[in-house]
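First up is the structure itself, then whatever we jot down about it.
Within every chain, numbering begins at 1; the chains are lettered A, B, ... in the order of the sequence lines, protein sequences first and strands thereafter.
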Amino acid sequence: MTLLTAAFLTALLAGAITAGIPLLLAGLGEQLSEKTGVLNIGIEGMMLAGAYLGFLVAWKTDSVFLGFVGGAGGGMLVAAIMALLCVRFGLNQIVIGIALTLGAEGATAMLHYFQFAQTYPRLGAISSLPIPLLADIPVLGPALFNRPPIVYIALLLVAVFAYVYRKTYWGIALQAAGDKPAALDSSGVSVLGIRSVAVLLTGALVGLGGGFMAIVGAGIFVPFMTNGNGFIGIVLAMLARGRPLWVLGGAALFGACLSLTTALQVAGVDIPTDVIQMLPFAAVMGVLVMLGRKANLPSALGAAYVRGAR
Amino acid sequence: MTLSSQPADDAEPLAKPIVSLKSVTKRFPGIVANDSISIDFFPGEVHVLLGENGAGKSTLVSMLSGLQQPSEGSIAVDGTEMPIASPQKALSLGIGTVFQHSMLVPSLTLIDNVNLGGSWWKTPDREAIAKRMEETALSIGVEVNPAAITSSLSLGEQQQAEIVRALMRGSRFLILDEATAMLTPKDAEKLGQLMRRLVAQGLAVIFITHKLNEAVAYGDRISVLRLGRKVGALGPDELKSLGPEAATKEIIRLMFGSNGNQAAETTRAAGSARPLVTATDPLLEILALEVDDDSVPVTGIELKIGAGEIVGIAGIDGNGQKQLSEALAGQRPVKNGRIYLDGQPIEDLPIGARRHRGLRYVTDDRLGEGTVGAFPVSINLLLKQIGEAPFWRSGIEQGGAIAENARKQVKDYDIRTPDIETPAGKLSGGNIQKLLLARELTGSARAVIFAKPTYGLDLNNIAASRRRIREAADGGKAVIVLSTELDELIELSDRIAVMSQGRIVGIVENDGDARQKIGEFMSGVAA
Amino acid sequence: ADINSIAILTPEQGTDFGWNQQGVEGAKAAGKATGVKVVTAENLGYGDVRPTLRELAEDGNTLLIAHASGYNTAAPEIGAEAKVKVAIVDSPAAMKKDAIVDYTASGHAGAYLAGHLAAKMSRTGTVGIVVSGEPPSWNAQSVAFAQGVKAEKPSMTIRYAVIGPAAYSDAAGGKRVTESLIAAGADIIFGQGNGSSFGMLQAVETTKATDGGKVFFIDVIGDKTSIDKGFLLSSVLWNLTPVYTAMIEDIKADKFGTRNYGISLADGSVSLLKTKQIPDDVWKSVMDIRDKMVKGDLKVEPKFDAASVHALVSQLN
Amino acid sequence: MSVEVQDPSADGQAAAKNNGLASRRLLTDRLQLIGLSIGPLVAAILVASLILIAMGVNPVDYYTYIVNRGLLSPSGIEATLTRMGPLLLIAAGLIVAFRAGIWNLGGDAQFLLGASVVAALAPVLTGYMPVWLVLIVTLVIGAIIGALWSLVPALLRARQGVNEIITTMMMSFLGISFSNVLVKIFFLDPATNVPQTRTLPVEDRLPRLFDTTISSGVLIGLVAILIVHYVMAKTAFGLKLKIVGANAKAAVHAGLSVSALTIGVFAISAGFSGLSGAVAVLGQYGNVRADWNPAYTLTIVPLVFLARFNGFATIAYVFLFSVLSIGSESAARRLGVPNYFTLVTMAILLILLGITEMLDQKRRESRRT
Ligand SMILES: Nc1ncnc2c1ncn2[C@@H]1O[C@H](COP(=O)(O)OP(=O)(O)OP(=O)(O)O)[C@@H](O)[C@H]1O
Ligand SMILES: Nc1ncnc2c1ncn2[C@@H]1O[C@H](COP(=O)(O)OP(=O)(O)OP(=O)(O)O)[C@@H](O)[C@H]1O
Ligand SMILES: [Mg+2]
Ligand SMILES: [Mg+2]
């Protein structure tokens with residue numbers, strides 16, 4: 001039986017997208033925080049909280065939509081702590097980010113232990129929304145254009161953020177908050193306000209990514225299920241240097257490599273998974289070595305803003 | 001004529017003050033920056049604030065613009081007391097500020113910097129803003145390129161853009177904190193005329209400057225601060241009746257007390273006292289120097305400087321002075337050409353080796369690169385000698401030697417610091433400059449490059465710095481002074497080179513009509 | 001010798017319907033059967049267990065069951081140091097009188113039967129194996145399953161995929177890889193993983209086979225019947241109770257360390273789960289094969305290394 | 001991005017010199033200081049207690065077990081000290097890097113590769129040379145391997161200014177997989193089914209201290225961190241690194257070779273991580289299993305920040321962390337609390353320590369004259 005069937009290729013492509021969407025959302029979220037000068041190391045924790053709460057709500061209410069709302073809410077909950085401690089009170093962002101990740105890991109694992117460890121509830125299939133005409137394209141159609149609406153929304157967010165960053169007053173304010181907060185402040189815009197909103201939205205985006213992972217990606221919540229996706233999101237955001245489209249590219253690269261791993265194995269090519277796992281990182285390193293791109297991070301990244309401090 | 005410390009300005013017109021400070025005190029940990037200050041600001045007047053570095057001028061501004069809150073006292077706007085709780089509040093009251101230190105976002109275009117305060121959900125009409133910006137600029141006789149990324153502009157251009165932005169915000173109360181510091185004399189004059197036009201339209205303007213001639217020329221009213229207190233004021237009538245000469249004298253007396261006059265005198269007198277040095281064998285020789293740069297590449301620099309000679313380099317800011325001085329110091333690669341020091345080529349040597357040969361560079365970026373702000377004064381004094389004996393032995397710090405060196409330098413150069421362990425960043429600008437001078441001028445210096453040596457300093461500190469420069473030359477060193485202030489160069493230099501767009505367009509002897517010749521070179525008349 | 005209490009150490013929480021739960025429950029049942037107290041130390045991770053081993057030894061536990069292949073260096077060392085008996089996995093050669101025993105549990109015989117079952121039940125002619133990692137006991141089952149499939153029907157296609165190295169909790173990865181295998185034609189998935197196996201199960205529940213029919217799941221070690229939604233075909237069940245019971249009795253009889261332990265079809269410690277998805281005739285024919293194996297007429301040798309798995313699945317295709 | 005941290009010791013000295021403080025003020029200062037160091041611990045315990053009570057567990061029992069196990073029982077404190085060894089080495093490397101303003105976040109791979117190579121070599125080398133020499137040689141090799149793994153990020157940062165957070169994290173993901181490849185394919189112990197390296201016999205490992213189970217790795221760690229502290233505080237080299245970290249432009253202006261120093265910092269920092277891996281293998285584990293990754297770096301990073309890069313404070317925090325991690329596993333087991341709770345406790349403690357650090361900073365600021 002030949003392996004290169006349309007169905008298999010579709011599954012690979014769909015799998016790449018399913019694996020890439022949480023990375024995309026994590027990367028977009030981190031990018032938003034970083035733009036305003038907040039180095040958000042806690043997104044792994046926000047993602048996990050989103051996965052837990054997203055799953056819980058989707059399962060309890062039997063509504064996928066509410067599940068995603070719950071996922072975004074779960075991420076925002078953790079982000080609210082970060083906004084309070086790091087933005088308002090100026091605590092060290094690295095310390096708090098790591099603390100929040102550890103805390104979310106522990107808390108969600110415990111909640112899982114008490115709630116689900118005997119039953120492991122799973123969600124049913126998620127209904128998809130075919131896009132007329134496009135969904136009929138072979139392979140590409142079903143993998144890309146016959147998916148749950150959340151997939152389109154996530155992809156649309158790339159355009160939304162690209163627009164916001166370039167075209168709106170808010171986008172300008174975001175960049176100013178990260179590059180020269182004092183200038184923003186003296187123009188009458190609250191730096192702490194802009195940053196708090198950005199961190200909360202980061203929580204929502206990243207939580208949505210976690211929710212996606214639990215609701216669409218796995219259909220279940222298990223402890224530690226985000227598996228370092230948040231940290232890859234941080235790398236994607238930094239590589240993207242403020243451009244949402246680059247986050248999409250990075251997420252696509254990682255998703256594609258995961259599917260490639262599966263494809264090669266299923267085809268019986270005997271390459272250790274560890275080697276294939278190295279591919280996306282090796283590729284990015286190779287590009288960095290060849291291009292030697294300067295960092296170009298916001299100059300106030302990681303520093304708390306205090307009005308009038310000198 | 002009487003000058004009380006709380007002048008009632010009795011004969012004051014019918015106009016009511018727009019903003020009044022009522023016994024405003026501002027304390028910072030360990031310091032009273034403003035001590036019970038009361039001042040009224042009237043519409044239709046340019047109100048000049050004068051005072052030494054650290055006198056508390058900018059602190060006053062920060063309270064008026066909502067960045068700081070008074071510790072005591074209150075502020076009244078249009079006669080009603082009203083806390084200016086945030087910058088937003090200040091802007092909504094029509095108080096527009098051009099701060100002493102740039103408040104533009106470097107990574108944004110000027111258009112977007114104008115847009116900073118817009119409603120978040122809206123999309124700016126960038127074209128319209130650009131147009132309005134150009135018009136506003138034109139109305140004050142300057143030119144801006146609204147689409148330029150801020151960081152690509154010189155500090156002077158940035159300051160102009162900030163003034164334009166403040167005007168575009170429709171302020172009726174405009175604060176300009178040392179707005180002319182970065183401008184060429186010509187542009188400063190334009191700004192002065194603009195202030196006059198604005199107050200003619202009924203605005204109130206606060207103008208802070210260290211240049212007394214500007215104060216006297218454009219001000220309607222002058223308040224003088226010293227050590228946080230208001231120590232005197234000159235009303236419009238007094239200013240008029242005194243005339244520029246006498247007013248300046250009076251101001252100096254107010255600012256510095258009795259010794260102020262001396263400072264000012266030395267400043268003015270010393271220039272002509274220096275005998276012109278006739279070039280001997282050049283000590284520092286620059287041949288066909290080329291330096292790469294994205295914005296202002298430097299080409300064809302030829303200069304020979306003899307021992308004991310001071311060569312000034314004039315030019316509008318951003319014409320390659322920075323690139324040239326960095327290339328000479330070794331902080332920037334030389335693309336082509338030669339630099340000889342004592343007859344030896346040094347253009348390929350690293351910074352440290354050039355220093356060992358006797359080349360010194362007093363940077364104008366005192367906090368950015370000249371010092372490490374968080375580190376103690378004692379270490380900053382040795383920043384370029386780390387690891388050298390006797391301060392380090394086998395790489396181990398010798399606390400005693402370091403402290404001894406610091407105490408000596410602090411004394412010799414009159415660096416005012418609470419302690420040699422005080423972080424350098426906590427010093428005032430003038431004292432940081434003295435620290436740099438101490439570091440660069442001690443030891444076996446042969447040639448010294450001074451970049452904008454008196455920028456931002458008050459009269460006393462200016463005098464001290466200029467004295468050091470002259471002493472260096474008198475001690476047989478070759479000296480280059482890069483400055484945007486023509487007066488300074490004329491006072492100090494033996495010869496003056498004019499730089500424009502990365503080239504030296506002319507060199508003149510500093511004689512009677514140097515000023516005019518330089519002006520011709522700068523404006524491109526004499527090519 | 002006297003024995004009052006034993007302890008079992010597991011890398012993850014004993015609530016995974018799999019390896020960890022089987023270890024904990026087996027030990028508890030063995031303790032109950034022999035009147036010995038059982039201490040459980042769960043969720044210790046795969047890192048530094050030496051402190052826990054030492055403490056459990058100090059607490060007076062006679063036997064420490066180190067229930068993870070990652071513990072098989074530390075446990076014998078601490079056993080020797082603290083003079084307690086230890087039981088480890090995946091190291092049969094380490095056996096030492098009065099000190100160390102091995103219980104390399106392998107469900108390979110059961111997996112072989114599961115292979116037969118899968119081949120009989122498959123409509124599409126393709127079955128899939130999904131694993132979240134490649135530890136020895138899973139390799140043995142993967143190989144045996146593939147052999148069983150081929151023995152039943154040589155024309156069968158077998159697809160094999162690892163989610164990723166150490167992806168034990170990657171439920172989303174489990175689902176994704178399983179879906180790919182289903183798309184590649186598999187209508188029966190033999191899945192091995194801890195947290196990730198629930199993702200595999202969810203994929204089976206929500207994805208149709210290429211022929212439009214149902215996909216079935218064959219699980220390992222534990223019994224997920226209680227949480228099944230009608231897609232669980234079978235499971236290679238392990239029962240470690242007899243293993244641990246035998247250890248305790250051997251200690252009592254001063255014979256500890258003279259033999260290793262294992263699970264087998266013969267004593268029922270390895271068995272195939274019968275669900276109502278399996279037609280009786282199919283079940284009967286599988287059980288016939290089981291009987292042959294128990295009698296010794298049919299031998300299946302376990303292969304524990306990943307290379308064997310890879311060689312087998314690529315050669316089979 | 002800037003790391004702005006003040007050296008508390010230098011600060012204290014300056015403060016003491018600056019003002020002839022009244023003794024009463026000194027006393028309140030002391031009290032404040034004690035309050036600031038004990039306070040967060042107490043607060044963290046209180047917050048965690050509430051959660052324990054909600055789970056139906058007596059918090060007093062829980063904390064008694066932690067203290068008994070992590071601190072008071074002989075084998076517990078031995079375990080605590082042993083655990084500190086590799087952690088202190090990682091901390092030493094992080095202090096050097098962070099002081100110089102370099103974000104080496106690739107410690108996990110540097111640790112693992114050092115560990116894997118050492119684990120593969122040491123058992124073989126014992127056949128050719130005396131054990132003490134094997135230990136020395138492999139410790140050095142571990143450090144070199146770690147340093148080598150940082151070479152690409154170091155060169156990229158030094159030559160092209162490529163941000164090292166990205167490159168070290170990339171190299172970390174890459175190196176973790178690479179270490180697995182090495183163990184599974186090249187360093188495999190043929191005598192076992194389990195993919196792991198050969199095992200160094202217990203008697204060939206780093207000697208234990210006195211008559212205990214404490215690995216001498218903790219001594220190596222302590223010595224390393226004290227050396228780092230001294231170098232940073234007292235030497236020209238340390239000062240150069242601090243200048244690069246505090247103001248890179250000033251470093252260029254002062255004629256320091258920033259790129260050479262940068263590469264040096266990477267090598268030292270990553271070398272310590274590699275050494276940590278070697279110490280973990282030679283002192284505790286004896287071998288490396290495939291897929292093993294204790295991921296120490298991320299736990300140590302916040303501790304080093306909280307210690308404000310001060311060596312002594314770092315030792316204290318690493319000690320606290322080790323007591324907690326050894327003790328809480330025991331307490332959780334005895335009280336039937338899922339071990340996940342340790343993570344929650346750790347998070348609460350970090351947050352409260354972070355708050356304390358901020359309050360302390362404010363206190364210093366307001367006192368400075
Ligand atoms: N954050 C701070 N906290 C406390 N004191 C400070 C702080 N920053 C600066 N200072 C004090 O402020 C003074 C310098 O203020 P400022 O930078 O305005 O100096 P300056 O006006 O340039 O002075 P100079 O006349 O020497 O040029 C110093 O005396 C210093 O001790
Ligand atoms: N944020 C601050 N924290 C602590 N001290 C401050 C702060 N801002 C100003 N000061 C102090 O207030 C005093 C007045 O400073 P200010 O900047 O108002 O002086 P200035 O008159 O504007 O000087 P310059 O002419 O150099 O601009 C200085 O001694 C400085 O130490
Ligand atoms: Mg000022
Ligand atoms: Mg100043």
Identify which of [options] forms the greatest number of heavy-atom pairs closer than 4.5 Å to chain A.
options: C:Q202, C:M200, C:K224; value: C:Q202
options: C:Q13, C:Q21, C:E12, C:E179; value: C:Q13
options: C:T206, C:I182, C:L181; value: C:T206
options: C:L201, C:T207, C:N43; value: C:L201

| When only heavy atoms count and the cut-off is under 4.5 Å, which of residues 207-219 of chain A reach chain C? | A:M213, A:V216, A:G217, A:A218, A:G219
| Residues in residues 103-125 of chain A that sit under 4.5 Å from chain C, counting heavy atoms only | A:Y113, A:A117, A:Q118, A:T119, A:Y120, A:R122, A:L123, A:G124, A:A125
Over 12 foreign heavy atoms within 6.0 Å of [atom1], [X]:
X: A:D62; atom1: CG; result: no
X: C:K303; atom1: NZ; result: no
X: A:Y152; atom1: OH; result: yes
X: C:K28; atom1: NZ; result: no

Provide the closest heavy-atom pair for [X] versus [Y] in the form atom of the first, atom of the second, distance.
X: C:A183; Y: A:A7; answer: CB-O, 3.4 Å
X: C:A171; Y: A:I220; answer: CB-CG2, 3.9 Å
X: C:S169; Y: A:V222; answer: O-CG2, 3.4 Å

| message | For A:Q265, run the side-chain contact (heavy atoms from CB on, under 4.5 Å) check against C:V162, C:V177, C:I163 and tell me which one passes. | response | C:V162
| Residue A:L258 versus chain C: region with a heavy atom under 4.5 Å |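 Looking at A:L258, backbone and side chain both touch chain C.
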| task | Sort C:E205 into side chain, backbone, both or neither according to what part of it lies under 4.5 angstrom from a heavy atom of chain A. | result |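 Side chain only.
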| field | Heavy-atom contact with chain A under 4.5 Å, split by part of C:K229 | value | both
| query | Nearest 0.5 Å, what's the CZ-CZ distance between C:R159 and A:F8? | reply |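 If we round to the nearest 0.5 Å, C:R159:CZ and A:F8:CZ are 7.0 Å apart.
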| Given the options A:I126, A:T261, A:T262, A:L12, which has more heavy-atom pairs under 4.5 Å with chain C than any of the others? | A:T262
